[in-house]
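First comes the structure, then the notes that go with it.
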Amino acid sequence: MTQQNLSTPDLQEEDRMIEAAFQDVLQGYLNSNHRKKVEIIERAFRFAKAAHAGVRRRSGEPYILHPIAVARIASQEIGLGSTSICAALLHDVVEDTDYTVEDIRSNFGDKIAQLVEGLTKISGGIFGEHASAQAENFRKLLLTMNEDIRVVLIKMADRLHNMRTLGSMAPNKQYKIAGETLYIYAPLAHRLGLFEIKTELEDLSFKYEHPAAYKEIADKIEATERARRMVYDDFAAPISAKLAEMGIEFQAKYRLKSVYSIWRKMDTKKIPFEEVYDLYAMRIIFKCDDPSQEKALSWRIYSAITDIYKLHPDRTRDWISVPKANGYQALHLTVMGADGNWVEIQIRSERMDDIAERGFAAHWKYKDGEGDEETELSQWLETIKDILESPEPSALDFLDTVKLNLFANEIVVFTPKGEPITLPAKATVLDLAFTLHSQLGIRCIAGKVNHKLVALSTPLESGDQVEIITSQSQQPQEEWMKFLATAKARTRLRQALRRDRQPLIEEGRTLFEAARKEAGIEESNELFTKMMGHYRVNSREDIFIGIAKGEINPAETFAVLRKNAKPAGAAAQTTALFKKLLNPFGPAKKKPMAQWKADDEEIPINVKETYILRTTEGKENYRLAECCSPLPGDDVMGFIEDDGTVTVHSLTCPRAALLKATYGHRILVTRWEETTETRFKAEVQLEGIDRSGILQEISAIVSGVPNIDLRQFAIEATNEVFTGHLTVKVTDAKAVDTLCSRLKKISGVTAATRI
């Protein structure tokens, strides 16, 4: 934010613009179903305008336009009322000005002050500069979510406006904000049922992380729009005619897949845009004033459609009988269109559509009393409480555990008495046992799925009837973690293991403290984080247990520190040495470019400038991440390690997603050197139908593609099907794409994809 001097005419024009933006918020509120509390909204606006007077955003516009925009999103796109509009207008006042929460309380009352205070607590975004602070901020977000769901809904509006105006930020800030948005905010919007906001957050994040791919897909969507609409109109016409004949009041909507969804499908299935056939879906929204008749009318529409088109038998989803955990209700079916492609149809009432698009806020229109609008969230919030009660988790593990259930597809299973239980896809028998009760999970030895005896690790499917079998002699096992899919089960298992291991933990803690004091090293979250990375364990309790068992010797580690540290006043030096010694990414392969200061305030590279990835005299100024093995031509980012070296990750790499979301201040915008003779390793997976001579044809193609050196080729055939694995050296990603494209043209090769 900045101060700026303007002439009187300019200020008058700005004032008119600000007033018009506020009147738009006010008019949208007056058009809603909420009780009309205009006076307090106007007071909140005047208060915020005076508080932010003279302050500007990075784009140069008056800062007050940001809270006005957040209030507009909260009101018109999420559907919140006057209390939330006031809180949105005031959400930055306490953080950015001299006013306090008490000032807000005395002027606007307890409820608005409580919301503003909640928003101020999480104002740094979910993620801070360091992992420990970041986990703490996330805890605050979840706790305020538990106290009043509107805090998170307003925060979602704030993030959406920040994403819409992200163009004025520096590129490395764009990566950080887009990264954390895609990692947590979009899944959180999904869990809250904010479908439109979730989709826009994903598309905007994708636009800033992969601008070229975004533009290419958007251009292709626009170029094929006319032809696609003609196909849709032909498909929808007989359905619309039939429903009108039945006397049903409805709207038929054409729903296009989002740019991000299309890209995800292309990336996951390794197919070009032209082979994404489910680009659109049909949505039928019918009018029904009696909610008790919605289900029957949905199935009448379903029956009418299946009289016209052939149904896909495995792709019917009844979310009306058993709604999703976020309250979503609809009946989905997939039918074969006249062009031979499958088309999804979603059947909803107007009430269901409102809830599907705007989430929990829309429930308030259909509830009789106040205060019960978050009932559908209760089950998920119980899971959050379990996680929050687990002491001292690793910061990144904490985020991953919470995220585990944010964006999971759901299944519905049944207890022996027929009670439906919603679980994430891939949940196992043991997940269900822990979901029902901690003691059931701890004592579980097997399950019966549809009356058949199965193991603890058996994945469940929608519709399964499951009985949990227990034994008093059963003890919780560490290896259970490998097949648990729910955050609640993992947290409860961790708690059970901790109780059993408590004596070892206490013994190890005592030994650790003695070694630490003798070495003169201060205890810190960073110290434990580095030790966990070095010893490859998940928590500080694991470190203590390793010490108690004699598997970890802290004295040896601290002895190295003591040997290299200065004799007095060397706390910062000790921390820096510890970073160098216990770098979880392994020792640097070359001399560090610079030594970080212990407090991370001085970054060895200017993160605001583009970092050129180059090779000089056979040596690179970077190293490639082994988790994704990027190549020149890929969209990549740099991450500054503790020792100052730069590791290059593909932007699509899961590890990169975590780094963007958690260590945004270390992210570099990078660009490959324009010309390079350096060769990089790449791997290609082949699949196909085996036949005589195919091996020779594959070899001929590989040798015929320029800029490729074949290093390894393994092929294995089972019956008539073969799989192959190529390891090649290439100059850039384009060479691998060319190779895959040519290999797929060989008769019998069904897939050739870069790994």
Side-chain angles (χ1 to χ4, degrees), residues 77 160 163-164 178 181-182 185-187 189-191 193-236 239 251-285 305 309 311-312 314-317 319 324 326 328 330-348 352-353 355-359 406-410 425 635 651-652:
E77 298 185 45
L160 180 58
M163 287 301 297
R164 287 174 176 173
T181 297
L182 206 53
Y185 279 97
H190 171 82
R191 176 56 81 176
L194 301 170
F195 179 79
E196 286 190 342
I197 288 176
K198 175 215 113 175
T199 302
E200 187 174 353
L201 288 175
E202 287 177 338
D203 272 4
L204 288 170
S205 298
F206 177 57
K207 178 181 179 180
Y208 285 102
E209 290 196 339
H210 302 273
Y214 180 91
K215 185 178 186 307
E216 182 182 356
I217 293 171
D219 288 348
K220 287 182 177 179
I221 288 172
E222 186 178 352
T224 57
E225 170 66 12
R226 184 178 177 187
R228 192 168 53 252
R229 275 301 265 235
M230 289 174 63
V231 172
Y232 169 79
D233 290 342
D234 289 342
F235 172 82
I239 296 175
Q251 295 178 62
K253 289 188 176 180
Y254 165 84
R255 186 183 70 84
L256 183 66
K257 213 176 185 74
S258 71
V259 174
Y260 177 73
S261 295
I262 292 169
W263 175 78
R264 278 289 300 273
K265 187 151 195 173
M266 291 167 58
D267 185 60
T268 303
K269 294 187 175 295
K270 306 298 181 187
I271 57 175
F273 176 87
E274 291 71 25
E275 291 180 23
V276 180
Y277 295 116
D278 57 340
L279 283 176
Y280 68 87
M282 182 181 188
R283 185 173 293 160
I284 295 168
I285 304 165
I305 294 169
Y309 291 112
L311 177 71
H312 192 303
D314 299 325
R315 288 172 66 177
T316 297
R317 299 287 181 268
W319 299 112
K324 289 188 177 185
N326 59 13
Y328 178 86
L331 183 58
H332 292 195
L333 66 154
T334 301
V335 297
M336 177 71 77
D339 59 351
N341 290 319
W342 295 105
V343 180
E344 183 182 71
I345 303 175
Q346 301 166 355
I347 303 169
R348 306 173 177 172
M352 294 176 197
D353 186 63
I355 292 169
E357 296 304 304
R358 288 170 37 189
L406 278 181
F407 221 168
N409 292 322
E410 293 165 341
D635 288 336
L651 282 176
T652 57

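What you are looking at is a predicted structure, and each value in this text was computed from that prediction instead of being measured. Side chains are part of it too, since the values below use all heavy atoms of this structure and drop only hydrogens, waters and symmetry mates.
- Annotation: the span from Lys220 atom NZ to Glu216 atom CD amounts to 4.5 Å, rounded to 0.5 Å.
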Go through it in stages, so that I can follow the logic: the residues are Tyr328 and Arg348, the test is side chain to side chain contact (heavy atoms under 4.5 Å, CB included), and I'd like the CA-CA distance, side-chain angles, deciding distance and then a yes or no.
CA-CA 10 Å; Tyr328 178 86; Arg348 306 173 177 172; 3.3 Å; yes
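- A distance of 4.5 Å separates CG in Leu311 from OG1 in Thr316, rounded to the nearest 0.5 Å.
- When side chains are defined from C-beta on, Glu209 does not count as touching Asp635, because their heavy atoms never get closer than 4.5 Å.
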Report the C-alpha separation of Ile239 and Ile284 in whole Å, then their side-chain angles, then the decisive distance to 0.1 Å, and conclude whether the side chain to side chain contact (heavy atoms under 4.5 Å, CB included) test is met.
CA-CA 10 Å; Ile239 296 175; Ile284 295 168; 3.9 Å; yes
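- Every salt bridge (charged side-chain N to carboxylate O under 4.0 Å, His left out) that Asp267 has, sequence neighbours left out, goes to Lys270.
- Between Leu160 atom CG and Glu196 atom CD the span is 10.5 Å, to the nearest 0.5 Å.
- For the pair Ser205/Glu202, no side-chain contact is recorded, criterion being any heavy-atom separation below 4.5 Å from C-beta on.
- Contact of the Asp353 side chain with the Gln251 side chain is not registered, since no non-hydrogen atoms from C-beta on lie closer than 4.5 Å.
- Nearest heavy atoms, Thr181 versus Pro187: O-CD, 4.2 Å.
- Across Phe206, Tyr214, Phe273, a single residue satisfies ring pair (Phe, Tyr, Trp, His ring centres under 6.0 Å) together with Trp263, and that is Phe206.
- At a threshold of 4.5 Å between non-hydrogen side-chain atoms, the residues Val231 and Asn341 do not count as touching.
- Remark: Tyr254 pairs with Tyr232, Tyr280 by the ring-ring contact (aromatic ring centres under 6.0 Å, His included) rule, at least two apart or across chains.
- The local environment of CD in Glu222 is sparse, with at most 12 non-hydrogen atoms from other residues, nucleotides or ligands closer than 6.0 Å.
- Across Tyr309 and Val335, no two heavy atoms sit closer than the pair CB-CB, 3.7 Å.
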Audit row: Arg228, Ile221, side chain to side chain contact (heavy atoms under 4.5 Å, CB included) steps and yes/no:
CA-CA 9 Å; Arg228 192 168 53 252; Ile221 288 172; 3.5 Å; yes
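- Interatomic distance, CG of Leu194 versus CD of Glu77, reported as 10.5 Å (0.5 Å rounding).
- Under the ring-ring contact (aromatic ring centres under 6.0 Å, His included) criterion, Tyr208 pairs with no residue at all, not counting sequence neighbours.
- None of Arg255, Met282, Arg317 except one satisfies the side-chain contact (heavy atoms from CB on, under 4.5 Å) rule with Gln346; the exception is Arg255.
- Atom CE in Met163 sits 9.5 Å away from atom NZ in Lys207 (nearest 0.5 Å).
- The two residues Lys198 and Ala186 make their nearest non-hydrogen contact at CG-O, 3.5 Å.
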Does Leu201 form a side chain to side chain contact (heavy atoms under 4.5 Å, CB included) with Leu182? I'd like the steps, not just the answer.
CA-CA 7 Å; Leu201 288 175; Leu182 206 53; over 6 Å; no
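- When all heavy atoms of Val276 and Leu279 are compared, the closest pair comes out as O-CG, 3.4 Å.
- Distance CD1/Ile345 to CG/Leu331: 10.0 Å, rounded to 0.5 Å.
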